[in-house]
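In what follows, every chain begins at residue 1, and chains take the letters A, B, ... in the order their sequences are listed. Scope of the values below: all heavy atoms of this structure, side chains included, with no hydrogens, waters or symmetry mates.
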Protein chains: 2
Amino acid sequence: MQQRFSYQREQIYAALQQTTEHPTAEMIYARLKPEMPRLSLGTVYRNLRQLAQDGQVTELSGPVARFDPVTRPHTHFCCTRCGAVSDLDIPYDGSLDQIAAGDGRHVRQHSLTFYGLCPACANENKSNSK
Amino acid sequence: MQQRFSYQREQIYAALQQTTEHPTAEMIYARLKPEMPRLSLGTVYRNLRQLAQDGQVTELSGPVARFDPVTRPHTHFCCTRCGAVSDLDIPYDGSLDQIAAGDGRHVRQHSLTFYGLCPACANENKSNSK
DNA sequence: AGCATTATTGGTAATTGTTACTATTACTTT
DNA sequence: AAAGTAATAGTAACAATTACCAATAATGCT
């Protein structure tokens with residue numbers, strides 16, 4: 001008897017699976033709060049951390065943590081203007097990890113993230129800057 | 001008349017250039033404090049941010065920000081045990097940015113970071129786990 | 001050199017994202 | 001149904017970072 005069923009955890013995981021925007025803990029909290037008025041933000045953080053430890057979810061590092069229901073490694077795009085994070089269809093090249101090894105390093109994985117302007121923000125910039 | 005000379009900013013930049021450990025703001029503060037007893041942590045943060053905006057310094061994203069005096073893009077290795085960050089000699093492939101473009105995205109750059117155990121921590125683990 | 005202007009600092013307070021704590025709630029087994 | 005104990009809600013604590021503001025100091029002018 002170790003891990004119990006929890007309606008909150010289920011809903012948090014479901015909410016994460018239903019979106020592709022790599023939400024923060026706050027975003028998930030905001031989405032669930034209307035339907036679960038007694039939900040606590042701490043519960044969201046606690047369960048996301050637990051899900052990440054269990055390997056059901058990936059945590060993306062950054063000034064504020066974002067979460068991804070896709071656990072197989074893949075590449076991300078991050079808009080430097082609005083902060084949105086999305087997936088890219090660039091294949092994950094696991095062989096890079098071997099290239100990075102050496103000097104006694106143990107390489108487990110890597111993260112590849114592109115930065116720039118998302119379509120929406122690229123348009124905005126065009127109109128505003130003239 | 002816009003940007004003035006500042007002894008503090010010079011020292012902060014110099015301290016960053018003299019190391020390869022990608023220090024945090026706190027680490028730079030700790031290094032300079034003995035020689036500059038009146039230095040304020042806020043000043044370190046403020047100047048690092050400014051240097052980053054001016055493109056003299058790169059800010060590495062993570063739960064706590066680290067700084068790099070090398071501004072040309074290159075790859076990093078981050079030890080998941082001790083948190084140390086170091087440089088890797090894997091060449092930066094700028095052509096990836098073109099591959100990542102599409103759907104109206106404007107890709108400016110990318111970041112490639114490897115995760116695993118640094119040599120020291122890999123050894124530690126070996127001895128401790130038996 | 002002296003003075004006026006204003007970027008920069010130091011010190012502290014405020015903010016933000018996240019974690020810890022604890023009494024209460026609610027799964028699960030018997 | 002009762003006992004045992006994960007998990008929650010609510011709040012407090014915490015750590016990293018930013019904002020604020022009076023004092024300081026770099027710059028430009030005379």
Side-chain angles (χ1 to χ4, degrees), chain A residues 1-16 21-68 78 80 82-85, chain B residues 1-16 21-68 78 80 82-85:
Chain A
M1 180 202 312
Q2 277 265 24
Q3 168 140 325
R4 298 188 176 168
F5 170 87
S6 148
Y7 179 72
Q8 287 86 338
R9 180 162 48 241
E10 284 240 320
Q11 293 303 306
I12 289 167
Y13 184 51
L16 187 56
E21 63 175 345
H22 307 77
T24 66
E26 291 269 5
M27 290 164 80
I28 293 179
Y29 175 70
R31 180 151 318 169
L32 293 177
K33 187 69 171 177
E35 326 242 314
M36 303 170 66
R38 308 209 40 180
L39 179 66
S40 171
L41 181 56
T43 299
V44 177
Y45 274 105
R46 184 167 6 92
N47 280 297
L48 285 173
R49 204 191 329 154
Q50 189 177 122
L51 289 168
Q53 278 176 349
D54 295 352
Q56 301 192 65
V57 150
T58 303
E59 179 176 348
L60 310 183
S61 85
V64 338
R66 289 175 165 265
F67 295 87
D68 193 334
C78 178
T80 53
C82 70
V85 177
Chain B
M1 179 204 312
Q2 278 266 23
Q3 168 138 327
R4 297 186 178 172
F5 169 88
S6 149
Y7 178 72
Q8 288 84 339
R9 180 161 48 240
E10 285 239 321
Q11 293 304 305
I12 289 166
Y13 184 51
L16 187 55
E21 63 176 345
H22 307 78
T24 65
E26 291 269 5
M27 290 164 78
I28 293 179
Y29 174 72
R31 180 151 316 172
L32 293 178
K33 186 69 171 177
E35 326 243 314
M36 303 170 67
R38 309 208 40 178
L39 179 64
S40 170
L41 180 56
T43 299
V44 177
Y45 273 106
R46 184 166 5 91
N47 280 297
L48 286 173
R49 204 191 328 152
Q50 188 176 122
L51 288 168
Q53 278 175 349
D54 295 353
Q56 301 191 65
V57 149
T58 303
E59 179 176 349
L60 309 183
S61 85
V64 340
R66 288 174 165 266
F67 295 87
D68 194 333
C78 178
T80 52
C82 71
V85 177

- prompt: If we only count heavy atoms from C-beta on, is the A:Glu26 to A:Val64 side-chain gap below 4.5 Å?
  reply: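 Heavy-atom side-chain distance check fails, nothing below 4.5 Å.
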Phosphate-side-chain proximity, [X] and [N], N/O vs OP1/OP2 below 4.0 Å:
X: A:Tyr45; N: C:dT18; answer: yes
X: A:Arg49; N: C:dA20; answer: yes
X: A:Gln2; N: C:dT28; answer: no
X: B:Ser6; N: C:dT9; answer: yes
X: B:Gln8; N: C:dG10; answer: yes
X: B:Thr43; N: C:dG10; answer: yes

How long is the straight-line distance from [atom2] of [Y] back to [atom1] of [X], given to the nearest 0.5 Å?
X: A:Leu48; Y: A:Arg66; atom1: CG; atom2: CZ; result: 13.0 Å
X: B:Leu41; Y: B:Arg46; atom1: CG; atom2: CZ; result: 10.5 Å
X: B:Arg31; Y: B:Leu16; atom1: CZ; atom2: CG; result: 9.5 Å
X: A:Gln11; Y: A:Leu39; atom1: CD; atom2: CG; result: 9.5 Å
X: B:Gln56; Y: B:Asn47; atom1: CD; atom2: CG; result: 10.5 Å

Which nucleotide sits closest to the side chain of [X]: [options]?
X: A:Arg4; options: C:dA26, C:dT18, D:dT17; answer: C:dA26
X: A:Arg38; options: C:dG10, D:dA7, D:dA9; answer: D:dA9
X: A:Leu41; options: D:dT8, C:dC27, C:dT18; answer: C:dT18
X: A:Ala65; options: C:dG11, C:dT18, D:dA9; answer: C:dT18
X: B:Ser40; options: C:dT9, C:dG11, D:dT8; answer: C:dG11
X: B:Val64; options: C:dG10, D:dT17, D:dA7; answer: D:dT17

message: Taking the nucleotide of DNA chain D with the nearest heavy atom to each, does B:Thr24 or A:Arg46 sit closer to the 5' end?
response: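 Result of the comparison: A:Arg46.
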Separation of atom [atom1] in [X] from atom [atom2] in [N], rounded to whole Å:
X: B:Asn47; N: C:dG10; atom1: CG; atom2: C1'; answer: 12 Å
X: A:Tyr29; N: D:dT8; atom1: OH; atom2: C1'; answer: 13 Å
X: B:Gln50; N: D:dT18; atom1: CD; atom2: P; answer: 13 Å
X: B:Leu48; N: C:dT9; atom1: CG; atom2: P; answer: 11 Å
X: B:Gln53; N: D:dT17; atom1: CD; atom2: P; answer: 15 Å
X: B:Leu51; N: C:dA7; atom1: CG; atom2: P; answer: 18 Å
X: B:Leu32; N: C:dT9; atom1: CG; atom2: C1'; answer: 15 Å
X: A:Glu59; N: C:dT19; atom1: CD; atom2: C1'; answer: 13 Å

- request: Could you say whether A:Tyr7 or B:Pro37 is positioned toward the 5' end of DNA chain C, judged by the nucleotide with the nearest heavy atom to each?
  value: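 The 5'-side residue here is B:Pro37.
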